[in-house]
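One structure is given here, and the rest of the page talks about it.
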Amino acid sequence: MERSTTDVLVLGGGSTGCGIARDLALRGLEVTLVERGNLTHGTTGRMHGLLHSGGRYAVSDRASARECIAENRILREIAGHCVEQTGGLFVKRPEDPDDYFEQKLRGCRDCGIPAEVLSGTEARALEPYLAPDVERAIRVPDGAVDPFRLCVANAMDAEAHGARIETHAEVVDLLREGEEVTGVRVRHDSGPGKRTHLRPGTTEEITADYVVNATGAWAGNVAALADLEVAVRPSKGVMTIMNVRQVDTVINRCRPKGDADIIVPHETTAILGTTDEEVSDPDDYPEERWEVDLVIDQLAELVPILREARTIRSFWGVRPLYEPPGTATVDPTDITRDFFLLDHAERDGVTGIASIVGGKFTTYRAMAEEIADHVCAALGVSARCETAERPLPGSENLESVLERMDAFGLRSPIARRSADRLGSRAPDVLECDGPNPVLCDCEGVTRAEVRDAIAASGTDLNAVRIRTRASMGNCQGGFCCRELAQELHPDHGHEVTMAALADLFTERWKGQRHALWGEQLSQAMLTYALHAATLNRDRADDGPLEFGTFDAGPDRGGETGVPVADGGPEGSGPHGRERTRGGRGGD
Amino acid sequence: MSDADRFSETDRSSDASDPVSVFPDAESMDLRPGADDCYKCSTCDSVCPVAAVDDDFPGPKFQGPEQWRLERHDDREIDPSVSACSNCMRCDDACPSEVPLSQMHNTARAAYVEGNVPRLSRTYLRNRLLSNYGRLAWLGSKLPRLTNFVMGLSVTGWINEHVLGITSEREFPTFATETFRAWWRRRGGAQVENANKRVAYFHGDYANYNTPAVAKALVRVYEHFGYEVVVPPQRCSGTPMFANGMLGDARRAARFNVETLADLVADGCAVICSCTSCSMALRQEYPELFDFERTELVAANTYDALEYLRINEDLESALEGTETDAFAGLAYHAPCHARNQGLDGQALEVLESVEGVDAEDVGDSCSGISGTYGWKRERYETSMAIGEEMFRHMARADADAGLTECPTCAMQMHHGTGYEIHHPLEVLEAALSTPDGR
Ligand SMILES: Cc1cc2nc3c(=O)[nH]c(=O)nc-3n(C[C@H](O)[C@H](O)[C@H](O)COP(=O)(O)OP(=O)(O)OC[C@H]3O[C@@H](n4cnc5c(N)ncnc54)[C@H](O)[C@@H]3O)c2cc1C
C-alpha cells in the first residue's frame, strides 16, 4: 500500500470540495483532494445550472438572497467564462397570486437585488415564446453557470498552486486514532494519477493534519467510516434537457412554492427543472417517467412551445439537505438551503475533521472561504482568502479573447463556442500544428480542445466530456463518441480505447432513455445502426434486439399512440401521442 | 405544420390588445424550432451537390440546423461558407424530419450579407446585379441586338471577370428581339376567353426577355385546351435574390407579386409557371420567408404549367396519336427545384404519348448552375464539377438536344454539351399543332 501525507485532505470533488481545495492552495497550504468519480461526479454535475440572483429566496430566506446576489456579482468577475449573463424573469400567470408578486419585488429590492417590473408585452418582446397570458414579470440578474467548467477551473488552479487532485479515488475508510481522525484510505480505480482504463487499481493511505468531508449527499456515509453521525436528508430532483434554447433568459415562475418552475438556458440547450423528493439512498433511487412529464407539462404553461420540442435527455440529482438534529421538517422543500459546517471536535469530541453539508452551488465560493477560514484556524495558520478577487484560469482578460479567435481559422459559430468554453485559455489550447477538425458537430468542439482535455484527464472520456461539452449536444454522442475515443490512440491501445468508449457511451445512454418516445424512439435507431455497422457494437450478449420497439410501424402511428420501450402501448399521457418530429406531443 | 405557420399562429393567438409581432421579418426570424427537428441523420449532407465536389463546404446540416443551434442569442455572425450554398434545395427534399433547411439557408445568407458584405464591395454589387437580372434584362431588351453584341465582346468578358467577378467562361444569354410581353401586346392578349377556365401566367424574367418561345408555347398550349390566359404585371420571382442573400430586394418583388396574383386568385384564376424555380419561390419560399397577407393563398394556388394541365386535363388522350419530328432524341434533366415539387417524372411521362419524341432521363444529378451561382467567377469551377455527371450522361444518351424546365439548367446543359435545349412546353406545342393534335 502506498502512503502519503499532506496538510489538508479534502474529500469530494464537487463544487464545495474544489472550491475549498483552491482556496486553501492559494493560501499556501498543501492540499490533496480525493474524489471517487471524475470531478462533478456527484450533485454538482447533476444540478440545474442556475446562477441565482437571490430572487428565488427573496421572500422566504433573505439571508440566502443577500448572499446569492453578492456571490453572483463575484462569479461574473472571477469566473466569466463559466457564467452566461442571461438575466432572469419571474413571470406571473393569471392564476398566480398578485400579493406574492409584490412580496417578491419588495424582497428583491430589500436584499439589494436589482429588480424591474415588465408588462406581459415587454416580457414577450424579450422572450417571444412566453405564453400569451403571462401578465407581468420581474427582471432580475439571474445567470446560467456551467458547473463542470467552474469546478475544473477551481481544480486546475488548485493544482497550479501545488494541490494534488485525485479523481477515481474512493475513500474506503477514515483513519481514526482514538478521538482524532488522521487521514483516509482510498482505493485508486486505476492507480494514482490520471485515469487509464484497465490499469489495475491500488490503495493508498493518506494522512493529513486536517480532513474536510465535502462529500455532499454522501457525507453521512463517509462520516460513518469514523463512527460519526451526519444526518443528511438527500432529496432528488429531475431535470430535462431540451435540444435547443426556447428561451435565452432564465424563466422562473412567480408563485410561492412549486415543483418544476425554472427554465435555464444552458449553452446550446435549455434545462427544465426541477422536483424535490426525499430519497433514502443517494446512490439508488428510482428515476421515474412521471417526473419528466411533470416538468414538461408544468413549464409548458409558461413556454407552450416546450410541448412540441425535442428533449435530449433527463437526469436526476440529489440535494445534500441537512438540518440540525431536532428540527424535523416534514416537507423537503421547506428544509433550509443554507449550509452547515459541522465541526466534529465541537460536536462529537473528535478532532481533525469537519463535515460540510447543504448549501448551493451559487454560494460555493463563500462556503469554501468560511471552511478554509475554519481549517486555517484549526491549524493555526493565518492567511488571507483571495478567491473573491482572483480570476479562475480561463477568466483572465476575457474581453480580448474573441478578437484573437480569427487566427485559428475556425468557422464562426465554432470559434465563438470555443472562445466561450475556453475563455482566455483559447489561444493556448487551439494553437496546434496540423489540421484541427471539428470532432463534435453538435457543440462545435475541435480536436485541439479534445486533446487538451485528454491531457488533463487520461482515458476518462467522461472527464473530457465535461471539459469540452463534446457529446453533450443533439446527437448525445451518437456520432462523436467514436471520434473522441479515436483520440486516445495511439497513446493507448485498442482494448483501453474500447473500454473508454464504452464508458462514455454508457453514460450518454443513461440519460437518453428518458427522451425516447414517438418519433424520437425510431430516430434512435440511427445511432444504434451507426454503432452496430461501424463498430460491431451490436454483438448482443443478451439476446436479439427487439426492433419492433423502435418503431410502431405504419399501421400503429397516427393519433392513437406508439408503444414505448419500457411501458408498452400507452393510450394516454404525453408519451402516447406524438405531434411533431422531435417533440413529445402532449395535450 | 411549417414553421412559417407555427409563427403566424403564435402571432394570432396572442391577445389582441397585446400585440407582439413575434418575428417581423425573415432577417430576424428565429429558426431554432426548425433546428430542433434535426436529429443529425446527415441525409441532407449526402445529397448536397456542392458538398460532393467541394471539401471546404461544410454542407447543409451545418449551414442550417447546426449553425442555428450553435448560434448565440446576441450573435449575428454567420459563417461565410453559407455563400457557397447554391440554393438547389435538394436538402429540403431529402430531410426525413422536415427541417426547413432552405429557409434556414436563405435567412442565414441574408443575415450574412446584411452583416458581413460591405455595401460597396465588388461581391455585393455583383450579386445585386446578378440577382436583379430582370432590371438588367429590361435594359438589354430595349436594344437587344446592341446588347447581345456588347455582351459577346471579349472586352466585356474581361470587365465582367476582372471588375465584377462574373465568369467569362460563359456566354451571356442572348436577348430576344421581341420580349414575350411585347408579343402578347402585339397579339392583342388572350385569344380565348373563358370565365370558367382562367389561369394567370407568371412567366418570370427569363421567359420574357430571353426565351419568349417558351412563354408563347405555354400560351398556345393553354389556349388549345380552352383556357383564358391572363398575363398580369409581375416582377422577378425572387429566386436569384434569395440565393444571393438580397432578402430586401426579394421582399419588395414578392410583395408586388403576391398582391397582384392574390387578386387574380380571388377572381378564380390559378397561377401557372413555366419555370420551376418561379413556382418553387411562389409556393415554398414566399410562405417561408414573408408574411404578407394572402401569401399562403397564392402559394396554395400556384402550379407548374404542365402539372396543372395534368391535374385538370386528360393529357394522355389529347396527345394520343400526335407526332412531331422537330425533336428526335432529347436528353432530359430534371431541375432540382422541379424535383423538390415532386415534378421530376412528369415531363417524360407526358411526352411518352407523343410519337417521334424520344426523351431520356439523364439521372438525378444537379446541373450545378443554380441560377446565378455558376456565373460567379469563384463558383464557376464548382458549378462545372457538379455539372460533370449530367454532361456525361447527356453525352451517353441517345440524343442530340436537351430538355428541361429550368432556364438556368438549360444554360448549363448547353454550356457543357453544346446541345440546343428545349422546354417540355415547346415539345407539347409542336405535338399539339400537328394535324392530329386534338
Ligand atoms: C436537482 C438539483 C438542482 C440544483 N440546482 C441548483 C442551481 O440551479 N443553482 C445552485 O446554486 N444550486 C443548485 N443545486 C444545489 C447544488 O447543486 C449543490 O448544492 C452543490 O452542487 C453541492 O456540491 P457539493 O460539492 O457539496 O456536493 P457534490 O457535488 O455532491 O460533491 C460531493 C462529491 O463527493 C464524492 N464522494 C461521495 N462519496 C465519496 C467517497 N466515499 N470517496 C470520495 N468521494 C466521494 C461524490 O462523488 C461527489 O462528487 C441543485 C441541486 C439539485 C439536487
Side-chain angles (χ1 to χ4, degrees), chain A residues 84 86 119-125 128-135 242-249 265 267-270 304-305 308-310 312 402 410-417 420 438 441-444 473-476 478-479 519-520 522-524 526-527 530 579-583, chain B residues 1 3 6-7 9-24 28-43 45 56 58-59 61-63 65-82 95-99 108 112 115-116:
Chain A
E84 186 186 344
T86 59
S119 69
T121 312
E122 287 166 332
R124 273 182 294 278
Y129 292 116
L130 274 184
D133 53 354
V134 160
E135 289 178 344
M242 311 309 290
N243 175 40
V244 298
R245 287 164 67 137
Q246 285 78 19
V247 291
D248 292 303
T249 310
E267 301 285 325
T268 50
T269 70
I305 197 177
E308 305 194 350
R310 180 188 291 273
I312 50 180
L402 263 182
L410 302 174
R411 300 197 181 282
S412 44
I414 317 259
R416 172 74 197 258
R417 290 281 164 183
D420 284 349
V438 173
D441 286 335
C442 304
E443 295 295 312
N474 184 328
C475 82
Q476 290 286 294
F479 284 77
E519 200 153 345
Q520 268 185 258
S522 40
Q523 289 170 346
L526 174 71
T527 303
L530 207 63
R579 195 182 285 160
T580 57
R581 302 270 132 192
Chain B
M1 188 170 35
D3 276 279
R6 204 183 282 170
F7 288 129
E9 196 164 273
T10 330
D11 231 349
R12 255 176 272 128
S13 62
S14 60
D15 190 348
S17 65
D18 182 7
V20 181
S21 169
V22 179
F23 300 111
S28 62
M29 199 179 270
D30 183 355
L31 287 169
R32 281 175 293 181
D36 199 17
D37 287 339
C38 172
Y39 74 108
K40 299 269 164 173
C41 73
S42 310
T43 312
D45 284 350
D56 289 335
K61 179 170 55 120
F62 172 83
Q63 297 300 348
E66 221 151 79
Q67 177 147 273
W68 275 102
R69 197 174 163 275
L70 285 172
E71 207 185 43
R72 286 277 191 193
H73 183 47
D74 54 345
D75 247 8
R76 284 298 333 120
E77 197 176 323
I78 302 284
D79 194 68
S81 59
V82 74
C95 176
S97 298
E98 288 165 30
V99 175
Y112 174 69
N116 302 69

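All heavy atoms count here, side chains included; hydrogens, waters and symmetry mates do not. Chain identifiers are assigned alphabetically (A, B, ...) following the order of the sequence lines, protein sequences preceding nucleic acid strands; residue numbering begins at 1 within each chain.
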Does any heavy atom of chain A fall under 4.5 Å from the side chain of Pro65(B), the backbone, both, or neither of them?
neither
Counterpart residues, side-chain hydrogen bond (donor to acceptor under 3.5 Å, both in side chains), relative to Thr86(A) (two or more places apart):
none
Hey, are the side chains of Glu519(A) and Tyr39(B) touching, using non-hydrogen atoms and a 4.5 Å cut-off?
no
Part of Gln246(A) within contact of chain B (heavy atom distance under 4.5 Å)
side chain
With rounding to the nearest 0.5 angstrom, report the CZ to CD distance, Arg69(B) to Glu443(A).
5.0 Å
Per-residue contact mode, Arg417(A) against chain B (heavy atom under 4.5 angstrom):
side chain
Is it the side chain or the backbone of Asp420(A) that comes within 4.5 Å of chain B heavy atoms, both, or neither?
side chain
Taking Leu530(A), Asp441(A), Asp133(A) one by one, which has the highest count of heavy-atom pairs under 4.5 Å against chain B?
Asp441(A)
With rounding to the nearest 0.5 Å, note down the distance linking CG in Asn474(A) to CG in Asn243(A).
4.0 Å
Just give me the residue among Pro265(A), Cys442(A), Ala131(A) that pairs up with chain B most often, heavy atom to heavy atom, under 4.5 Å.
Cys442(A)
Taking Glu66(B) first and then Lys40(B), would you say they form a salt bridge - that is, a charged N and a carboxylate O separated by under 4.0 Å?
yes
